[in-house]
Every structure is written in C-alpha cells, then in structure tokens.
Amino acid sequence: MQLISARVVEASSRGLAYSRSVLPIQYLPSSLTSSSLTARSFSPNRKVAFANRHTSLPPSRFTSVVSSSGSPRNRNLSKPTQINQMGFEPDRVPDAAARSLADSLLSNADYHIEFQGYLANHVKHAIVALAYLEAPRDRIQEYWDMYTAETPYGYTLEPAEAPAATPLTTANWAELMGKKENFPALVQFFAGERRELGLLGVLQAYAHTLLPGCAGALTHGLVHLGWALDANNERMTDEGLAYLAYAHLSCHPERFVSAPHTDDEDAFASLCRIADEFEAQDVRGWVARTKADPRYNNATFRPELKISGFQWELSKVMTEGHPLVNSPPGWLNDRPLGEVMEGVYKALTLMYLAGGLMEGKAGNFINVHLVTSFWALENVFVKGELSEASQRHGLACFWSMMLSTAFTRDAGFPSRTVLERAHEAFAGKSDDDQGGAADGEAWASIVARATAQEEEHNIKLVYVQRELWRRYAHWSGFRMAASSFTLTPNLGPRKHPTDSNNAADANAFGSR
C-alpha cells in the first residue's frame, strides 16, 4: 500500500466529521488491515480472443480465477495500480488520436452536470465507454457533438454555472450535501482537496462520507466519479466527487444491523430470499403507504427532488427505511472480496436479464444503472486503494441502495420464479463450452451496435459486460445481457418506442 502523509490522515477526519456513518462493530471484519485485501489484488494475466485478433486483457480488479484443481484462487497483479497516471491507458485505448480527443472532452467544463432540474448529463460517461470500446476518433467527436446539441430526450444541455464567488472550506462544504446547490463551489472545493492531498488521498479522505449517498441522482454521482477514475481524468473526478455531495441521498448506514441470514450462499441466494420476503411482508404495500405518507408529501421534504418523480419517491423510501434494506447479508462480511464482487456482478446481471430478456422485452432502464454504478464503485475502491473495512462498508451501502431502488419501482422486486428462470438459463455456462469460435464475431456485432447507438446507457452496458465477460471465464450471461439493449425513456419532447418493461418506470421517473 502506498504510504500517505499525516495531511491525508488529517483529511480523513475532515471528510467524516459532518456525516460519519460507521457500521456496527459486529458488522466489521474481525481483522482489519489497510492493505490486507486491496481492490487490486485480483487479476488474470491472459490473452482474450476478440474480433479475430488477440487483445491483452487489461489489469482487472476483484478477479476470481480458477486454479488447476477447479477451485477459485486469487492472483496478484504483476502491474501495480497507476494511481497518479492521468489520461486513458494506451494499452486499453490503442488509438492515440481517439485517446487524446476523449481525454480532452472529459476535461471540458462548458456544461452543467444536470439539465431540466434533475436529468444527469451523461455525455462524458458515453465518451469513456466509446473510447474503451475502441470507437474511432470521428465517432467519439460525433457523439459529443450530437449529445451537446440535443440529448436523446429532446432537451439541450445547460451551460455551466458561474464559478463560486466564495470558496467552500473543510468547515462548511458538507452543509451543501444533498441540497443540489452551488455545484461549481463543490467542484472547486474537491479540486483543491485533490491538488493538496493527491488522488489517492482525496478518495481515502471522503469516500466514507460520500458513498452512503450513492443513490443520489439515480446513482449518477457515483457513476460520474467511478467512470472518471476509470478514464484517469482529473476534471471529471472533481465533478464526480462534487456530484456525489451535490445529489447525496443517504442509505442511512447508521441503521444497519448484522443480518441473521448467514445461510444465504451468495448474492443471488439473497435476491431470491428477498423476493420471497417482498411478497410475504407485503413490501409493495409498505412502499405505497410510504410514498403517500403526509410526512413526505409537503413543501419541506426534499423540495429539490419533487420535480424528479422517481428520485423523490426513492428518497421517501430510503428516509423511512425497511428492515430488509438495513440488514446487509452475512456473505458480504464473511466472504473474500473477490468472491463478493463476482457474485454481485452476476446477481445484478441476472436481475437485468430477469427484467428483460427472460420476459421477451428490452432490458429495464433502471436496472442498467445498478450495473454501471457497481462498476463505478469498483473503480473508487481500486483508485482509492481503500481498506478492506471501507470496501465492505461501500458494498453494504450499495446493496442497501440497490434494494431500495428495486422496491421503489412501480413493477416492484422481481419474483423468485423469474430470477430462478434467468439463473437456470445461464448457471455455470461459459461461452468456451459452447464452442467459443463464434465469440469474436458475436462481440464484434454487439460492440458495433453499441457504438452506433444514440442511447448512451447501452454503450456503457456493453463496455461493462464485455469487461466482466473477459474477466469471469466468459460467462454467457454477460454476453446475453450486453446484447439486450434498454430503451430510451420518454422524458422529454422526443418520443421513443417503449414496452411494458420500461413504460411504467419511465413515466414515474419523468413525472413532475
């Protein structure tokens, strides 16, 4: 682990002083060391056949590989995490012209982080995904020009707000958390902290405070930060830290209790148990009562979110809190981090498949955000070299947020039947077992479709799923999820095709 200065240690107290959220002592690991299980401890060093050529697999994080005996084991990276490297990594974006353009676009400061009062500006996320999918320079520029002229919703982006007249300090920055006010001041504050503490230092100082608010802006604060770190871009990183604070929506980790469900085998088993509990406890009815509760339907409760529809409803559910979301499962605390990450990635992908492909419909728009934001969380762990305790804390916050988000949807939580049908379709299946010769052609076709898309969520979905497919033994579920695109919700003047899997959520998400 890289040594950090006393200044960074001091900064930790700065970051935690205003919104300290500590897991109960029984939830923390019995042995805590700052470097015992850092995020960069897991990576294969192998070649992957893709698109009729061999491409070196980039250093992966949290990768569980299989030993000759068939049991999972961990391998150390031969190449350390490049904490201080800025810009796209040449081995992942070989085209120097595309790499240079993408990095310059991510450094652009012309546009506000949101438009229409609640919609996140996604253009930089798309640029990161296009670059890593090796889209040509002209396509990267074309996408930027298209999105900044008019978003897929038919709205235009808003210009960046004027720089803050009065800078924030370590004594008052947290007063803006969740208020969606003075974004430029927050960007300036975190830029100053990054310059003073370094990238690793600022992440270690503030992650514990900011990650519990990852539900904010429908996870886009976390997405912006994690994808900025994936691209090694300073300006976008400052924006991401600021966006997590700006849109902070707490999962209230102070309410977490050690879960009695230690018999859940893994993340998917927990999803199935929760699906049963969702019905048995009438969680759908609880959500409806919470949404209608007069305490949350007045002029003083989160007025900045009322325009956003779904985000406002989600804030009610998360403020009230349900026992199921306040009980992180036992495996999250007991299992090796690499195993936890793989299990959650696969569970989220199965949720996406269960809500789309298994029903003969497009992938669910809200579930896409869970996949891409979990990728973002991993990048925060990696680039911040967070301790094992901090990583497990972040995972518990994400799990709670994921459940609250799924509960809040009009469609509710997926049933055990649908989840198990998706699981059975892909359990243990690797594309290598299917005669793998067509894999390159299949992925080439999926990537070509994605890079031509206007809907940036599909571009991001394909990028993440391809990385996971490469990492986790070519599991077929990742490729199938990548090929199941979502639909653009009708949130603005431009109208798009929809289906029953997305219509209700889109209407709720965009209601005012």
Side-chain angles (χ1 to χ4, degrees), residues 1-23 28 32-40 81-86 164 167-178 182-214 216 221-230 232-248 250-251 253-254 376-398:
M1 177 70 105
Q2 178 178 333
L3 295 177
I4 56 176
S5 67
R7 182 67 185 81
V8 174
V9 175
E10 175 195 342
S12 297
S13 63
R14 292 157 56 174
L16 301 177
Y18 308 99
S19 180
R20 187 168 181 84
S21 304
V22 182
L23 293 173
L28 292 175
L32 301 181
T33 61
S34 62
S35 59
S36 59
L37 252 177
T38 60
R40 55 180 182 153
T81 304
Q82 298 298 310
I83 294 294
N84 295 314
Q85 175 183 330
M86 285 294 111
L168 296 173
T169 69
T170 57
N172 66 9
W173 74 272
E175 294 174 6
L176 290 179
M177 284 180 64
N182 211 345
F183 184 72
L186 286 165
V187 174
Q188 289 177 343
F189 172 75
F190 283 110
E193 291 292 275
R194 175 185 51 76
R195 286 190 292 267
E196 184 173 355
L197 304 174
L199 177 61
L200 186 148
V202 75
L203 292 173
Q204 292 185 351
Y206 291 97
H208 195 94
T209 301
L210 294 175
L211 288 180
C214 64
L222 176 58
V223 169
H224 205 86
L225 174 60
W227 288 60
L229 295 170
D230 197 10
N232 300 304
N233 184 271
E234 291 180 335
R235 167 70 193 189
M236 190 175 170
T237 295
D238 300 338
E239 293 172 347
L241 289 164
Y243 201 11
L244 266 173
Y246 179 81
H248 190 92
S250 181
C251 64
E254 71 278 2
L377 182 66
E378 176 186 329
N379 279 287
V380 175
F381 291 167
V382 172
K383 294 300 174 73
E385 294 190 355
L386 302 190
S387 69
E388 179 180 352
S390 293
Q391 290 178 42
R392 294 192 189 275
H393 172 74
L395 287 165
C397 292
F398 184 93

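Values below: every heavy atom of this structure, side chains too, minus hydrogens, waters and symmetry copies. Numbering of residues begins at 1 and proceeds along the displayed sequence. As the structure is a prediction and not an experimental result, all values here were calculated from the model.
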Ser387 OG to His208 NE2 distance, which is reported to the nearest 0.5 Å:
9.0 Å
What's the separation between atom OH in Tyr243 and atom CG in Leu225, rounded to the nearest 0.5 Å?
13.0 Å
Return the set of residues passing side chain to side chain contact (heavy atoms under 4.5 Å, CB included) with Ala228 (not counting sequence neighbours), or none when no residue passes.
Met236, Thr237
Check: Gly384 main-chain N/O paired with Gln204 side-chain donor or acceptor under 3.5 Å:
yes
Looking only at heavy atoms, the pair that brings Ala242 and Phe183 closest together is CB-CE1, 3.7 Å
Can you list the residues that meet the ring pair (Phe, Tyr, Trp, His ring centres under 6.0 Å) rule with Phe398, with sequence neighbours excluded?
Phe374
So which atom in Cys214 and which in Leu222 form the shortest heavy-atom distance, rounded to 0.1 Å?
CB-CD2, 3.9 Å
Between Asp238 and Arg194, is the side chain to side chain contact (heavy atoms under 4.5 Å, CB included) condition met? List the steps.
CA-CA 8 Å; Asp238 300 338; Arg194 175 185 51 76; 2.7 Å; yes
Residue set satisfying side chain to side chain contact (heavy atoms under 4.5 Å, CB included) with Ala245, at least two apart, ordered chain then number -> Trp173, Met177, Leu186, Phe190, Leu210
Pair Glu193-Thr170, side chain to side chain contact (heavy atoms under 4.5 Å, CB included): steps then yes or no:
CA-CA 9 Å; Glu193 291 292 275; Thr170 57; 4.0 Å; yes
Hey, could you give me the CZ/CZ distance between Arg392 and Phe381, rounded to the nearest 0.5 Å?
10.0 Å
So, the side chain of Asn172 versus the backbone of Thr169: is there a donor-acceptor pair under 3.5 Å, distance only?
yes
Reported CG-to-CG distance for the pair Asn182 and Leu168, which is rounded to 0.5 angstrom:
6.0 Å
Partner of Leu241 by side-chain contact (heavy atoms from CB on, under 4.5 Å), out of Val187, Leu203, Val380:
Leu203
Between the main-chain N or O of Leu386 and the side-chain N or O of Gln391, is there a donor-acceptor pair closer than 3.5 Å?
yes
Minimum heavy-atom separation for Lys383 to Leu229, with atom names?
NZ-O, 2.7 Å
With rounding to the nearest 0.5 Å, note down the distance linking CG in Leu377 to CG in Leu211.
6.0 Å
Can you name the nearest heavy-atom pair linking Pro212 to His393, along with the distance?
CG-NE2, 3.9 Å
Tell me every residue that passes side-chain hydrogen bond (donor to acceptor under 3.5 Å, both in side chains) with Arg195, counting only those two or more places apart in sequence or in another chain.
none
